[in-house]
Chemist: 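Below you'll find the structure I mean.
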Amino acid sequence: MSSGPGQRAKGDWFPLVILTGAGISKESGLDTFRDPDGIWKRHRLEDVATPEGFARNPGLVQAFYNARRRSLLDRAIAPNAAHRAIAELQAARPGDVTLVTQNVDDLHERAGSGEVWHMHGELLRAQCQACGHSWECREDLGEETVCPECGARGRARPDVVWFGEIPRMLDDIYGAVERCRGFAAIGTSGQVYPAAGLVVEAVRAGAHTVELNLEPTDGLGLFGEGIYGPASEVVPSWVAQFLEG
């Protein structure tokens, strides 16, 4: 099943909500989570991605995220054509494209997207557990880290959403989906909620829906269309149909 915006007038897709997941960043060299060789095959999520895991062994959790942060900052990691295509679409349709991402990387921003809603937080930010302050952080976190706001030492954690915590900006996200006329899920596994349920809300709102992924997900039946292949190929092709003419 493969098609594009030609099924409807191009304007009928806007306002458009785009949801992106780990699959869009895989071609940039970042590991995904649920692939056969993904992160959760090498680490127990209960140990490194829950508040309880952090309470039990903060050193292990900090080491896990410090390694991921260093990987993201490696010079070899860069936005790919899919990230750039979405940024181009946002620039061409100012105010009409809401970009929601499950990813904690900054590749959308590096590609030129001016507004990105990070529902699972950001890897390049830290949060103080003492005062709640959040700040940009490109260094390793540990017991020696001092909060720039309150001065607490050793109370910093990655500013990401762990399992069991509430994703960010949910009211804004649901509001955008309820108002949208088009909804696209790109590179998502369709297994992590509440993100996986956004397509249901889009269908209820009467929006046209499309899944762009390497292969169909379990949620395929919820989408009106499916376009499959590497994100760096299918996303630019899909976006180009909106920009022609």
Chemist: Quick check against the 3.5 Å criterion: does Asn213 have a side-chain atom that pairs as donor or acceptor with the backbone of Tyr228?
Modeler: no

Chemist: If you take all heavy atoms of Pro236 and Ala231, which pair is closest and at what distance?
Modeler: CD-O, 3.4 Å

Chemist: Side chain of Arg181, backbone of Trp13: donor and acceptor closer than 3.5 Å?
Modeler: no

Chemist: Between atom CG of Leu222 and atom OG1 of Thr209, what is the distance when rounded to the nearest 0.5 Å?
Modeler: 8.0 Å

Chemist: Tell me whether the count of non-hydrogen atoms from other residues, nucleotides or ligands lying under 6.0 Å of CD in Glu143 goes above 12.
Modeler: no

Chemist: When you compare the side chain of Gln62 with that of Asp140, does any pair of heavy atoms fall below 4.5 Å?
Modeler: no

Chemist: A quick test of your reading: do over 12 heavy atoms of other residues, nucleotides or ligands sit less than 6.0 Å from CG of Asp74?
Modeler: yes

Chemist: Do Tyr65 and Trp135 sit in one hydrophobic cluster, given that two such residues count as connected whenever their side-chain heavy atoms are within less than 4.5 Å of each other, even indirectly?
Modeler: no

Chemist: Please name the pair of heavy atoms, one in Ala205 and one in Glu178, separated by the smallest distance, quoted to 0.1 Å.
Modeler: CB-O, 3.5 Å

Chemist: Tell me whether Val100 is reachable from Ile166 by hopping between hydrophobic residues (I, L, V, M, F, W, Y) whose side-chain heavy atoms are closer than 4.5 Å.
Modeler: yes

Chemist: Do Glu211 and Thr217 have side-chain N/O donor and acceptor atoms under 3.5 Å apart?
Modeler: yes

Chemist: Hey, are Asp105 and Arg68 close enough for a salt bridge, meaning a charged N less than 4.0 Å from a carboxylate O?
Modeler: no

Chemist: Does a side-chain heavy-atom distance below 4.5 Å link Leu19 with Phe183?
Modeler: yes

Chemist: Is there a donor-acceptor contact under 3.5 Å from the side chain of Ser25 to the main chain of Ser28?
Modeler: no

Chemist: Any side-chain heavy-atom pair from Leu73 and Leu124 closer than 4.5 angstrom?
Modeler: yes

Chemist: How far does CZ of Arg93 sit from CD of Glu88, to the nearest 0.5 angstrom?
Modeler: 13.5 Å

Chemist: Quick check against the 3.5 Å criterion: does Asp47 have a side-chain atom that pairs as donor or acceptor with the backbone of Gly53?
Modeler: no

Chemist: Report yes if some heavy atom in the side chain of Pro194 is under 4.5 Å from a heavy atom in the side chain of Leu170; otherwise report no.
Modeler: yes

Chemist: Please say yes or no: joined through hydrophobic side-chain contacts below 4.5 Å, possibly via intermediate residues, are Trp117 and Leu198 part of one cluster?
Modeler: yes

Chemist: Mark yes or no for whether His120, through its side chain, and Val104, through its backbone, hold a donor-acceptor pair below 3.5 Å.
Modeler: no

Chemist: Can you find a heavy atom in the side chain of Cys150 that is under 4.5 Å from one in the side chain of His133?
Modeler: no

Chemist: Say whether Leu141 and Val160 are linked into one hydrophobic cluster, either directly or through other cluster members, by side-chain heavy-atom distances under 4.5 angstrom.
Modeler: no

Chemist: Leu30, Leu214: one ILVMFWY side-chain cluster at the under-4.5 Å cut-off?
Modeler: no

Chemist: Are Asn80 and Ser232 linked by a side-chain donor-acceptor pair shorter than 3.5 Å?
Modeler: no

Chemist: Do His108 and Thr101 make a side-chain contact, defined as non-hydrogen atoms from C-beta onward lying under 4.5 Å apart?
Modeler: yes

Chemist: Is it the case that the side chain of Ser237 and the backbone of Glu233 share a donor-acceptor pair, with hydrogens and angles ignored and the cut-off at 3.5 Å?
Modeler: no

Chemist: For Ile173 versus Arg168, what's the shortest heavy-atom pair and its separation?
Modeler: CD1-O, 3.7 Å

Chemist: Check whether any side-chain heavy atom of Cys147 lies under 4.5 Å from a side-chain heavy atom of Arg155, and answer yes or no.
Modeler: no

Chemist: Using a 4.5 Å cut-off on heavy atoms from C-beta on, say whether the side chain of Asp159 contacts that of Glu122.
Modeler: no

Chemist: When rounded to the nearest 0.5 angstrom, what distance separates CG in Asp106 from OG in Ser113?
Modeler: 11.5 Å

Chemist: Give the ring-plane orientation class for Phe54 versus Trp162, where under 30° counts as parallel, over 60° as perpendicular and anything between as tilted.
Modeler: tilted

Chemist: If you take all heavy atoms of Leu212 and Ala184, which pair is closest and at what distance?
Modeler: CD1-CB, 4.1 Å

Chemist: So for atom CD, which belongs to Gln129, do other residues, nucleotides or ligands contribute more than 12 heavy atoms lying within a distance under 6.0 Å?
Modeler: yes

Chemist: To the closest 0.5 Å, what do you measure between CG (Leu16) and NE2 (His208)?
Modeler: 10.5 Å

Chemist: Examine distances only and state if a side-chain atom of Arg125 and a backbone atom of Ser134 form a donor-acceptor pair shorter than 3.5 Å.
Modeler: yes

Chemist: I need the minimum non-hydrogen distance between Ala207 and Gly182, along with the two atoms involved.
Modeler: CB-N, 3.9 Å

Chemist: Provide the closest heavy-atom pair for Phe14 versus Val97 in the form atom of the first, atom of the second, distance.
Modeler: CE2-CG2, 3.8 Å

